[in-house]
Amino acid sequence: MRKIYAVTGAMLIAGMFACNRYLDVKPQGQIDEEAAANDPGSAQNLVTGVYNNMWLGKVHGFPFIGVTNIASDDADKGSFEDDAAPTQGQLDNLTMDANNTVFNDIWSGYYQAISRANRALQALESSTSLDQDMKSHLLGEAHFLRGYFYFNLVRIFGGVPKVDKVLTPPEAASDQYQTRAGADEIYQLIISDLEFALTNLPPKGGSGSQVGRATKGAAAGMLAKVFLYRQNWQRAYSLSDSVITGKVGSYSLADDYASIWRQSGANNAESIFEVQTGINATCDAAIEVYSNSQGPRAGGKGGWADLGWGFGGPSQSLVDEYEPGDKREAATIIFITRAGTVLWDGFRVPGKDSVQNDRYNYKAYHSRTREQFCGNLDRLPKNLRVLRLGEILLIHAEAALALGNANAAVADINALRERAGLTGKNSVTRADIWHERRVEMAMEHDRYFELVREDKLAPGTAAAAFRKHGKTFVAGKHEVFPIPFTQIQFSEGKLQQNPGY
């Protein structure tokens, strides 16, 4: 029976039969799918169930923080020296191997989410009685989410099994779904999903749009990002331009950069797509341990209670990247001074002798006193900002420069610099844009992938960045992470390991 579960370990069981405690709707079994084909409310709940997978710790929690922030040069592991050393410590040192449980967690979490999206798509596509506009809209949301899940998977692992439908047990046991599709094929699926979403979703604020759900602007922005990774400069430019010029919804930069990551800044004018959180009846509508794992940690020092586990503190390399007077530095990094540090909500973290580390991630901080809090430290309702206008300007600038439109690139970069309190530039190079991307998007879970992407354009970029951070990046290996050994075992060796692991 082991072959039945080969592709993703527990994915088929979890996606088809298991009750997910994070859902606000019933477990999505056959009855719900049949109801969704004919009942708008059930159809909506089915797609809501796909969104709710984004709260899973294995999707956006501690493992995700590890492969995106801690593995990069933006952050150090933090906490005690030996705390999570076999998992996050490996990532921090770029010594990870296929037995590291972080990778199996991510693999199983993302494929569970993909399975849920596939089941929603199957139910909606088979419907003959739903209103066509609603059907197209919900299909667009499910395609957007599946495209997003696969985009993270392909950036983490490279080629992965392409599971684009609900599998029967014989199909799940077949070689087709127990071996890896190439990265190019996965990107084709991602682009197809996002193109469908772009065609079928309403713009932000348009008829049928809802706060927190995917919109035409989110699809255009995510597609622009995907095409940036594919070095399709023209599509990256035109799609990002459609967001900036308001063709797919109205967006504008937030006046105060620091406010973006406060609860009051959730879903603001700059926001294009966020993972939604908030207090509900069970106090679990939040990404598991996202904020708590990154909060300041006393560890028994100073006689004060921990604000978190202390992981993922901003690195010295990141600190060195900021120009004097850049407002983004203070909005991104909690600096623990000798005399103590007062946070934006008035909480005072005692001095350096009372904490485990000198720096913490301010963008992940959630106030226990000034923001929603129901007592569950592991589920602090912190929205994850997945896509915002600041990043779209960076995509637009890089694509514009590649296409020879230097004036547009300068305008984009200066809009960000001026908000940050810095002097604008008269001209920009690709290196200038990459610098601006790092400080604008610091600790927002893209830096590792961005270094890999930049290295393809300027070989040696990633190695130099990690060398400055005191790590060794091995070209031909570290562009992706290892395929989990557990999954290779499930497939009876049919899943091939990435080079160097």
Side-chain angles (χ1 to χ4, degrees), residues 62-79 81-100 102-103 106 152 154-158 183 228-229 231 294 310-323 328-329 332-333 357-361 363-364 391 394 398 429-483 497-501:
F62 198 29
F64 180 74
I65 293 165
V67 299
T68 56
N69 283 356
I70 293 174
S72 81
D73 62 341
D74 265 5
D76 298 309
K77 177 182 75 68
S79 190
E81 183 177 352
D82 59 351
D83 197 3
T87 52
Q88 302 292 356
Q90 278 192 1
L91 290 168
D92 192 25
N93 296 319
L94 296 186
T95 58
M96 53 272 184
D97 59 43
N99 290 303
N100 190 317
V102 164
F103 304 120
I106 288 174
N152 279 347
V154 77
R155 292 191 297 169
I156 294 169
F157 296 114
L228 187 75
Y229 274 71
Q231 296 182 32
Q294 300 179 78
F311 286 102
S315 66
Q316 185 62 50
S317 170
L318 176 60
V319 173
D320 294 341
E321 190 78 19
Y322 288 98
E323 299 168 54
R328 293 171 293 196
E329 182 181 47
T332 302
I333 305 172
N357 312 105
D358 291 344
R359 295 181 293 273
Y360 297 93
N361 181 3
K363 291 181 178 179
E391 182 174 10
L394 290 163
E398 189 170 344
T429 64
R430 189 166 59 189
D432 290 331
I433 295 172
W434 288 349
H435 157 76
E436 208 64 39
R437 172 174 275 278
R438 187 179 188 189
V439 293
E440 175 71 23
M441 302 298 296
M443 308 301 289
E444 292 185 52
H445 308 292
D446 268 332
R447 176 63 178 173
Y448 192 95
F449 310 131
E450 282 297 316
L451 281 174
V452 171
R453 184 181 69 80
E454 292 167 10
D455 200 68
K456 293 178 181 178
L457 294 165
T461 299
F466 279 107
R467 188 162 51 248
K468 183 180 177 181
H469 189 42
K471 303 178 185 179
T472 300
F473 179 92
V474 179
K477 174 182 179 180
H478 286 141
E479 289 83 357
V480 289
F481 295 99
I483 303 298
Q497 184 57 270
N498 281 320
Y501 295 106

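Quantities reported herein were computed from a predicted structural model and do not represent experimental measurements.
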Requested in this report: Spell out, as yes or no, whether a donor-acceptor pair under 3.5 Å connects the side chain of N357 to the backbone of S79.
Outcome: yes
Report task. Under the side-chain contact (heavy atoms from CB on, under 4.5 Å) rule, what do Y501 and H478 come out as? Steps first, then yes or no, please. Result -> CA-CA 9 Å; Y501 295 106; H478 286 141; 3.5 Å; yes
Query raised in the report: Taking side chain as C-beta onward, heavy atoms only, is D446 less than 4.5 Å from R155?
Result: yes
Requested in this report: Check step by step if side-chain contact (heavy atoms from CB on, under 4.5 Å) holds for E329 and E323.
Outcome: CA-CA 9 Å; E329 182 181 47; E323 299 168 54; over 6 Å; no
Requested in this report: Any chance you could measure I483, atom CD1, to I156, atom CD1, to the nearest 0.5 Å?
Outcome: 10.5 Å
**Report entry** Closest heavy-atom pair and its distance - Q294, A364
**Finding:** NE2-CB, 3.5 Å
Requested in this report: On the 0 to 90° scale, with breaks at 30° and 60°, tag the F103-F157 ring pair as parallel, tilted or perpendicular.
Outcome: perpendicular
Query raised in the report: Do you know which two heavy atoms are closest between T461 and D455, and how far apart they sit?
Result: N-OD1, 2.9 Å
Query raised in the report: So does K456 have more than 12 non-hydrogen atoms from other groups sitting under 6.0 Å from NZ?
Result: no
Query raised in the report: Is any side-chain heavy atom of L91 less than 4.5 Å from a side-chain heavy atom of V67?
Result: yes
Report task. Of all the heavy-atom pairs spanning H469 and A75, show the shortest one and how long it is. Result -> NE2-O, 3.5 Å
Query raised in the report: Do the side chain of K77 and the main chain of D83 share a donor and acceptor less than 3.5 angstrom apart?
Result: yes
Query raised in the report: Can you tell me if D76 uses its side chain to pair, donor with acceptor, with the backbone of G78 under 3.5 Å?
Result: no
Requested in this report: Identify the two heavy atoms, one from M96 and one from Y448, that lie closest to each other, and give their separation to 0.1 Å.
Outcome: CE-OH, 4.2 Å
Requested in this report: Quick one: list whatever passes salt bridge (charged side-chain N to carboxylate O under 4.0 Å, His left out) with E440, sequence neighbours left out.
Outcome: R328, R388, R419
Query raised in the report: Looking at A462 and L451, what are the two nearest heavy atoms and their distance?
Result: CB-O, 3.9 Å
Query - Check: S317/D320 side-chain N/O donor and acceptor closer than 3.5 Å - result: no
Requested in this report: Decide, yes or no, whether a salt bridge links R453 with E398 under the criterion of side-chain N to carboxylate O below 4.0 Å.
Outcome: yes
Query raised in the report: So, E450 versus Y229: side-chain donor-acceptor pair below 3.5 Å or not?
Result: yes
Requested in this report: May I ask you to decide if I65's main-chain N or O and N69's side chain share a donor-acceptor pair within less than 3.5 Å?
Outcome: no
Report task. Take F64 and N152 through the test side-chain contact (heavy atoms from CB on, under 4.5 Å) and record every step on the way to the result. Result -> CA-CA 10 Å; F64 180 74; N152 279 347; 4.0 Å; yes
Query - Interatomic spacing from CD1 in I106 to OG1 in T68 - rounded to 0.5 Å - result: 8.0 Å
Query raised in the report: How about E479 and N498: do any of their side-chain heavy atoms sit closer than 4.5 Å?
Result: no
Query raised in the report: Can you tell me how far the CE atom of M443 sits from the CG atom of N361, to the nearest 0.5 Å?
Result: 4.0 Å
Report task. List the atom of I70, the atom of D92, and the distance in Å for their closest heavy-atom pair. Result -> O-OD1, 3.5 Å
Query raised in the report: Is the backbone of G312 close enough, under 3.5 Å, to the side chain of Q88 for a donor and an acceptor to pair up by distance?
Result: no
Query raised in the report: If we only count heavy atoms from C-beta on, is the R438 to Y322 side-chain gap below 4.5 Å?
Result: no
Query raised in the report: With distance as the sole test, does Q90 use its side chain to make a donor-acceptor pair with the main-chain N or O of D97 at under 3.5 Å?
Result: yes
Query - Spatial distance of atom CD (E444) from atom OG1 (T332) [nearest 0.5 Å] - result: 7.5 Å
Query - Donor-acceptor contact present, side-chain E436 to main-chain W434, <3.5 Å - result: no
**Report entry** N/O donor-acceptor pair under 3.5 Å between K468 side chain and D73 backbone
**Finding:** no
Query raised in the report: Can you find a heavy atom in the side chain of R447 that is under 4.5 Å from one in the side chain of L318?
Result: no
